[in-house]
Engineer: 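First the structure, which I've put down as structure tokens, then a few questions once you've had a look.
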Amino acid sequence: MLRLGLRPNDFTFPSAFKAAASAPPRSTIGPQIHSLAIKFGYLPGDPFVSCAALDMYFKTGRLMLARHLFGEMPNRNVVAWNAVMTNAVLDGRPLETIEAYFGLWEAGGLPNVVSVCAFFNACAGAMFLSLGEQFHGFAVKCGFEMDVSVLNSMVDFYGKCRCAGKARLVFDGMGVRNSVSWCSMIAAYAQNGAEEEAFAVYQRARCAGEEPTEFMISCVLTTCAGLLGLDLGRTLHAVAVRSCIDANIFVASALVDMYGKCGCVEDAEQIFFEIPQRNLVTWNAMVGGYAHIGDAQNALSVFDDMIRSGETAPNYITLVNVITACSRGGLTKEGYELFETMKEKFGIEPRIEHYACVVDLLGRAGMEERAYEVICGMPIRPSISVWGALLGACKMHGKTELGRIAAEKLFELDPQDPGNHVLLSNMFASAGRWAEATYIRKEMKNVGIKKDPGCSWVTWKNVVHVFRAKDTKHEMYDEIHALLSKLRKQMQAAGYMPDTQYSLYDLEEEEKESEVFQHSEKLALAFGLICIPPGVPIRIMKNLRICVDCHRAFKFISGIVDREIIVRDNNRFHHFKQYRCSCGDYW
DNA sequence: CTAGGGTTAG
């Protein structure tokens with residue numbers, strides 16, 4: 001334009017700055033336009049031009065220049081203050097946003113819709129629930145509740161502050177909704193673990209004629225974690241393909257994650273290797289997918305690809321996932337080395353999560369004492385998950401004394417948790433120390449701690465069938481029981497010996513045997529075998545870890561009836577096929 | 001000229 005000898009006017013510079021705002025941070029295009037604007041007399045002085053320049057400096061990360069420009073603006077208007085507020089939230093400095101809001105107020109300016117949205121955003125980012133609630137009242141008084149955007153940011157604010165119910169109240173009161181409103185409400189539920197409600201809102205949105213957007217699909221996909229969501233996840237994948245949004249980085253990352261969490265690494269891989277670009281989250285989700293099934297080799301190889309590609313540097317989540325994969329896959333040495341060198345190699349300081357991973361890694365490999373040394377040398381206070389990892393390992397390998405130390409720490413940190421008490425009691429039980437096992441049970445009763453009941457579930461024809469141990473109430477109980485007896489004989493003929501060492505109470509051996517045959521996962525499997533047609537893998541979920549005997553039995557059954565069985569317990573996946581499990585008996 | 005929603009770990 002300048003080369004053609006045309007003179008820029010006051011419309012030229014704002015659009016030029018807007019374009020420059022999305023240039024890479026090191027590009028000098030923004031500052032060049034700045035000098036031109038000065039040369040042509042638009043700066044300082046023109047509020048439109050200076051606001052655009054201000055925003056550009058923030059967006060390209062030149063904070064000092066932005067603040068300097070803001071400082072010398074002769075006539076700061078709301079838009080200028082808003083640029084400060086919105087960019088501060090975007091960069092994760094919510095306090096600065098709130099400060100700027102009051103700055104605007106003190107300077108005699110009147111906040112507008114954008115300022116109010118930014119304020120709610122800041123309260124969401126800083127988790128300032130009561131400040132946001134007060135501001136909610138104020139915004140209503142000023143008449144801002146007529147604005148969709150303001151209401152949307154209120155829904156988002158309540159959702160982020162863990163108040164999905166309050167978000168819903170705002171949402172229900174909205175006379176007009178747009179796509180953002182629906183997404184914010186779905187996110188509010190999804191981020192607070194209310195998967196069913198999130199999905200119900202999604203369905204309502206679709207019924208109301210809302211098109212599925214990248215935002216909507218990536219958000220709903222997070223509600224499909226675990227085997228039960230697989231059908232739903234595949235449906236959403238199809239929806240994304242039909243709407244041509246499956247290549248969007250958020251959608252693709254969410255798909256990789258969803259398939260990984262459902263134990264379908266092949267599907268995750270297909271998306272991962274086909275998409276044009278990947279970001280940190282995509283890489284992490286893929287490594288996480290391998291970690292879920294305990295495929296340490298592939299986790300390490302993708303991690304290696306990530307480093308060599310130079311696309312993105314790993315972060316602490318990447319390392320949590322890789323070390324977890326090593327732990328589950330039995331690559332103890334590799335995992336430990338990564339943990340030891342993550343600081344110098346990748347500049348990532350080990351966090352509490354990494355310590356928990358490495359204690360788990362060493363513990364699984366039978367190196368409980370080494371794990372204990374790591375805990376003792378920690379620069380930060382060991383958390384519940386660190387001691388929990390040690391206790392779990394001690395229980396697995398019968399290291400009763402060290403287990404007791406871990407358990408005592410756990411009781412201090414979380415006296416009400418039933419899982420730790422049960423683990424310790426079981427550990428004593430399997431060491432034959434019945435008096436101590438019973439004592440802990442009694443103690444639980446006295447203090448009023450109830451054990452989470454173990455249960456397993458299977459979906460069939462869109463109905464979830466839940467089983468608890470010794471469950472006789474299911475309508476198909478007789479058939480289930482008959483099938484289990486038959487399988488028991490076949491398994492014994494094939495060399496199966498019941499493993500009753502973790503049976504809770506001091507029962508006679510025979511009673512222990514019949515006890516383990518009423519475990520919830522066995523009931524769920526029998527139900528699956530009866531209902532689900534041959535050839536279709538049986539997918540079972542369990543809220544606690546799978547028991548040792550069930551694990552052994554499932555290997556036999558997968559071979560005897562020639563069926564794939566996939567169990568997701570509260571810790572990882574077990575994929576049974578032809579007398580073997582994907583965990584290699586290492587879990 | 002400024003604005004509202006999304007993906008990973010725990």
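Sequence lines set the chain letters: A, B, ... in the order given, protein chains first and strands last, and positions in each chain run from 1.
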Engineer: Mark yes or no for a side-chain to base donor-acceptor pair under 3.5 Å between A:Ser218 and B:dT7, with no hydrogen or angle criteria applied.
Structural biologist: no

Engineer: Starting from P on B:dT7, measure out to CG on A:Asp246 and report it in whole angstrom.
Structural biologist: 18 Å

Engineer: Tell me what A:Asn121 touches on the nucleic acid: a base, only sugar-phosphate, or nothing, going by heavy atoms under 4.0 Å.
Structural biologist: sugar-phosphate

Engineer: Look at all strands and tell whether A:Ser15 reaches a base, only sugar-phosphate, or nothing, counting heavy atoms closer than 4.0 Å.
Structural biologist: nothing

Engineer: Just checking, is any N or O donor in the side chain of A:His237 or A:Tyr259 under 3.5 Å from an acceptor N or O on the other one?
Structural biologist: yes

Engineer: Between the side chains of A:Lys345 and A:Glu337, is the shortest nitrogen-to-carboxylate-oxygen separation below 4.0 Å, so that they form an ion pair?
Structural biologist: no

Engineer: To the nearest Å, give me how far apart CG (A:Leu221) and C1' (B:dG6) are.
Structural biologist: 10 Å

Engineer: Taking atom types as modelled, is there a side-chain donor on A:Glu106 or A:Tyr101 under 3.5 Å from an acceptor on the other?
Structural biologist: no

Engineer: From CG of A:Leu54 over to P of B:dC1, roughly how many Å is that when rounded to an integer?
Structural biologist: 14 Å

Engineer: Expressed in angstrom and rounded to an integer, what is the separation of A:Phe17 atom CZ from B:dC1 atom C1'?
Structural biologist: 11 Å

Engineer: Taking atom P of B:dT8 as reference, at what distance in whole Å does atom CD of A:Glu311 sit?
Structural biologist: 19 Å

Engineer: Under a 4.0 Å threshold between the charged nitrogen and the carboxylate oxygen, would A:Asp267 count as salt-bridged to A:Arg234?
Structural biologist: yes

Engineer: The side chain of A:Val251 is closest to which nucleotide in this list: B:dG6, B:dG4, B:dA9?
Structural biologist: B:dG6

Engineer: Within less than 4.0 Å of OP1 or OP2 of B:dG6, is there a side-chain N or O belonging to A:Lys160?
Structural biologist: yes

Engineer: Return the nearest nucleotide to the side chain of A:Asp156; candidates are B:dG4, B:dA3, B:dT7.
Structural biologist: B:dG4

Engineer: Ignoring the backbone of A:Phe48, work out which of B:dT7, B:dC1, B:dG4 is nearest its side chain.
Structural biologist: B:dC1

Engineer: Give, ordered by number, those residues of residues 78-105 of chain A having at least one heavy-atom distance below 4.0 Å to an atom of DNA chain B; if nothing qualifies, reply none.
Structural biologist: A:Val79, A:Asn82, A:Thr86

Engineer: Between A:Ser243 and A:Ile245, is there a donor-acceptor pair closer than 3.5 Å when you use the side chain of the first and the backbone of the second?
Structural biologist: no

Engineer: Measure from the side chain of A:Val320, starting at C-beta and using heavy atoms only, and say which of B:dG5, B:dA9, B:dT7 lies closest.
Structural biologist: B:dA9

Engineer: Taking the side chain of A:Ser149 as its heavy atoms from C-beta onward, which of B:dG10, B:dT7, B:dG4 lies nearest to it?
Structural biologist: B:dG4

Engineer: Which is true for A:Ser179 with a 4.0 Å heavy-atom rule: it touches a base, it touches only sugar-phosphate, or it touches nothing?
Structural biologist: base

Engineer: Counting the atoms with a prime plus P, OP1 and OP2 as sugar-phosphate, which does A:Phe120 contact under 4.0 Å by heavy atoms, base, sugar-phosphate, or nothing?
Structural biologist: nothing

Engineer: For A:Tyr189 and B:dG5, what is the distance between atoms OH and C1' respectively, to the nearest whole Å?
Structural biologist: 16 Å

Engineer: Compare the minimum distances between each of B:dA9, B:dT2, B:dG5 and the side chain of A:His292, then state the nucleotide with the smallest one.
Structural biologist: B:dA9

Engineer: OP1, OP2 of B:dT7 versus side-chain N and O of A:Lys261: anything below 4.0 Å?
Structural biologist: no

Engineer: Angle class for the A:Phe135/A:Phe119 ring planes (parallel below 30°, perpendicular above 60°, tilted otherwise)?
Structural biologist: parallel

Engineer: Could you give the CZ-to-P distance, from A:Phe250 to B:dG6, as a whole number of Å?
Structural biologist: 9 Å

Engineer: Return yes if the base of B:dG6 and the side-chain atoms of A:Asn248 contain a donor-acceptor N/O pair under 3.5 Å, otherwise no.
Structural biologist: yes

Engineer: Is A:Gln191 near enough to B:dG6 that one of its side-chain N or O atoms lies under 4.0 angstrom from OP1 or OP2?
Structural biologist: yes

Engineer: From C-beta outward on A:Val281, which listed nucleotide comes closest to its side chain: B:dA9, B:dT2, B:dT7?
Structural biologist: B:dT7

Engineer: Under 3.5 Å, is there a donor-acceptor pair between the A:Asp156 and A:Ser184 side chains?
Structural biologist: no

Engineer: Parallel, tilted or perpendicular for A:Phe339 and A:Tyr355, by the 30°/60° rule?
Structural biologist: perpendicular

Engineer: Can you tell me the distance, in whole Å, between the CE atom of A:Met258 and the P atom of B:dA9?
Structural biologist: 14 Å

Engineer: Please tell me which of the listed nucleotides, B:dT2, B:dA3, B:dG5, lies nearest to the side chain of A:Asn112?
Structural biologist: B:dT2

Engineer: Counting just side-chain N and O atoms, does A:Lys18 come under 4.0 Å of either OP1 or OP2 of B:dT2?
Structural biologist: yes

Engineer: Are any of the side-chain nitrogens in A:Glu133 or A:Lys166 under 4.0 Å away from the carboxylate oxygens of its partner?
Structural biologist: yes

